[in-house]
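Below: the structure, in structure tokens.
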Amino acid sequence: MKPLSLPALALCMALSVHAPLHASETDAQIEAAAKSSYVFKNFLMDDAIKTESKGGVVTLSGIVHDDSHKQLAQDTVTGLPGVKSVTNQIEVKESPPASSDTWLYMKVKSALAFHRSTSAYNTEVELKEGVVTLTGDATSQAQKDLTTEYAQDVEGVKEVKNEMVVSGKPPGPTLAEIIDDASINAQVRMALLTHRSTSAFRTIVATTDGVVLVGGMAKSTAEIDLVTKLVSDINGVKSVVNNMVVEDPTAKK
């Protein structure tokens with residue numbers, strides 16, 4: 001075998017050095033993007049989640065105390081640029097039993113936090129045997145009514161008693177940061193999963209520059225309208241394009 005010339009040998013060495021470096025830089029960008037994402041900074045900040053990327057294949061590990069946080073982390077990372085696949089090894093520990101009052105409390109608080117027209121911070125939530133009692137300040141009657149609506153639509157909630165006071169105070173400072181598309185996508189999917197009137201499993205969601213494209217099958221035109229309403233009110237969403245269609249009942253097997 002003819003030995004490589006000095007220039008050819010130098011070229012091969014350069015390629016062997018710089019190719020892995022490029023992949024490593026992409027992996028570092030993915031890990032940094034996950035950490036700085038809106039969802040990780042606002043919803044998962046108290047969870048011990050580790051994101052490790054190798055060649056765009058991401059492994060999530062660590063511990064969360066709510067099963068929805070495990071899915072929220074996966075949905076967020078899946079939507080990041082450069083990610084090829086996600087292996088979710090996050091463990092859920094000390095998670096309250098499904099449909100328990102503690103479990104429902106977490107779902108209601110999350111539902112209110114996803115939507116910009118309600119305030120999870122100014123709304124106190126109490127649960128007793130599936131009955132939700134809401135207290136705190138609402139900036140308007142419309143916000144109070146919407147808070148009732150979102151809480152009532154959480155799967156497992158039996159009744160909502162809204163004792164919030166319409167204070168008439170102006171809303172607090174608006175969100176100044178630009179929310180990344182991956183976080184918007186994850187919030188949308190989780191919101192559709194939380195609400196009993198919609199199905200995240202039958203809905204396709206894609207977000208580009210804050211514009212959310214929704215597709216898939218719906219049971220009725222009312223569900224299509226509800227999905228548009230819910231998605232439009234998610235933090236960071238600029239507009240919604242809803243291409244969902246009503247399924248044909250005769251097409252079922």
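Since we're looking at a predicted model, the values are computed, not measured. Each residue takes its place number in the sequence, starting with 1. Only this structure's heavy atoms are used, side chains among them; waters, hydrogens and symmetry mates stay out.
- Within the 3.5 Å criterion, the main-chain N or O of F114 finds a donor-acceptor partner in the side chain of N235.
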Salt bridge (Lys or Arg N to Asp or Glu O under 4.0 Å) between E52 and K54, intermediate numbers included: CA-CA 7 Å; E52 184 177 4; K54 292 184 178 180; 3.8 Å; yes

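- Closest approach of E31 to T51, counting heavy atoms only: CG-O, 3.4 Å.
- Rounding to the nearest 0.5 Å gives a distance of 9.5 Å between CE of M244 and CG of L226.
- Note that the OG atom of S37 and the CG atom of L44 stand 7.0 Å from one another [nearest 0.5 Å].
- S53 and D27 share a side-chain donor-acceptor pair at under 3.5 Å.
- A side chain to side chain contact (heavy atoms under 4.5 Å, CB included) with T207 is found for one member of V212, V237, V231 and no other, namely V212.
- Looking only at side-chain heavy atoms (C-beta outward), L146 and E149 come within less than 4.5 Å of each other.
- Contact check for M190 versus S68: side-chain heavy atoms found under the 4.5 Å cut-off.
- For the pair T147 and L134, the minimum side-chain heavy-atom distance is below 4.5 Å.
- Judged by distance alone, the side chain of D153 and the main-chain N or O of T198 form no donor-acceptor pair under 3.5 Å.
- Linking Ile, Leu, Val, Met, Phe, Trp and Tyr whenever their side-chain heavy atoms come within less than 4.5 Å puts Y105 and V160 in one cluster.
- Closest of all the heavy-atom pairs between V246 and I224 is CG2-CD1, 3.9 Å.
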Could you walk me through whether D67 and K107 satisfy the salt bridge (Lys or Arg N to Asp or Glu O under 4.0 Å) test, starting with their C-alpha distance in whole Å, then the side-chain angles of each, then the deciding distance to 0.1 Å, before giving a yes or no? CA-CA 10 Å; D67 55 351; K107 301 302 178 186; 3.4 Å; yes

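- A 4.5 Å side-chain heavy-atom check between V58 and I30 finds at least one atom pair inside the cut-off.
- Under the 3.5 Å distance criterion, with hydrogens and angles disregarded, no donor-acceptor pair is assigned to the side chains of D225 and T228.
- In this structure the side chain of T118 never reaches within 4.5 angstrom of the side chain of T123, judged on heavy atoms.
- At least one donor-acceptor pair closer than 3.5 Å links the side chain of H65 to the backbone N or O of K93.
- Between D137 and Q143, the closest heavy-atom pair is O-OE1, 4.2 Å.
- Side chain of R189 to backbone of T76: no donor-acceptor contact under 3.5 angstrom is found.
- Smallest separation of non-hydrogen atoms from G156 and L104: O-CD1, 3.7 Å.
- Under the 4.5 Å side-chain heavy-atom criterion for Ile, Leu, Val, Met, Phe, Trp and Tyr, I234 and Y121 are members of distinct hydrophobic clusters.
- In this structure, V77 and L60 have side chains that are in contact, with non-hydrogen atoms separated by less than 4.5 Å.
- In this structure, CG on L80 lies 10.0 Å from CG on D181, to the nearest 0.5 angstrom.
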Steps toward salt bridge (Lys or Arg N to Asp or Glu O under 4.0 Å) verdict (K144, E163): CA-CA 9 Å; K144 179 178 179 178; E163 300 174 359; over 6 Å; no

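- Criterion: ILVMFWY side-chain heavy atoms under 4.5 Å apart, direct or through other members. Under it, M217 and V205 are not part of a common hydrophobic cluster.
- In this structure, T208 OG1 and N185 CG are separated by 8.5 Å, a value rounded to the nearest 0.5 Å.
- Note on ring orientation: taking the six-membered ring where Trp is involved, the planes of F43 and Y38 are perpendicular (angle over 60°, cut-offs 30° and 60°).
- Put simply, V92 and F40 are part of the same group of oily side chains (I, L, V, M, F, W, Y) that touch within less than 4.5 Å, one to the next.
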Going through the distances and angles, do V39 and N42 end up as a side-chain contact (heavy atoms from CB on, under 4.5 Å)? CA-CA 5 Å; V39 162; N42 289 272; over 6 Å; no

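- Between the side chain of E223 and the main chain of K219, a donor-acceptor pair closer than 3.5 Å is present.
- Residues L213 and V211 fall within the same hydrophobic cluster, defined by Ile, Leu, Val, Met, Phe, Trp and Tyr side chains chained together at heavy-atom separations under 4.5 Å.
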Walk me through whether V214 and V240 qualify under side-chain contact (heavy atoms from CB on, under 4.5 Å). CA-CA 7 Å; V214 183; V240 179; 4.1 Å; yes

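- Between E124 and K109, none of the side-chain N atoms (NZ, or NE/NH1/NH2) sits under 4.0 Å from a carboxylate O, so this pair counts as no salt bridge.
- Between K70 and E91, none of the side-chain N atoms (NZ, or NE/NH1/NH2) sits under 4.0 Å from a carboxylate O, so this pair counts as no salt bridge.
- Donor-acceptor pairing under 3.5 Å is recorded for the side chains of Q71 and D75.
- A heavy-atom distance below 4.5 Å is not found between the side chains of T194 and E155.
- Between V154 and R196 the shortest heavy-atom distance is O-NH2, 3.0 Å.
- We find the OG-CD distance between S100 and E129 to be 12.5 Å, quoted to the nearest 0.5 Å.
- Looking at K35 and K41, their side chains never come closer than 4.5 Å, going by heavy atoms from C-beta outward.
- A side-chain N or O of S117 and one of D233 form a donor-acceptor pair less than 3.5 Å apart.
- Residue-environment remark: CD (E126) stays at or below the threshold of 12 foreign heavy atoms within 6.0 Å.
- The two atoms that bring T203 and S199 nearest to each other are OG1-O, 2.6 Å, heavy atoms only.
- D180 places a side-chain N or O within 3.5 Å of a backbone atom of S183 that can act as its donor or acceptor partner.
- Residue I90 holds its CD1 atom at 8.0 Å from CG of D47, rounded to the nearest 0.5 Å.
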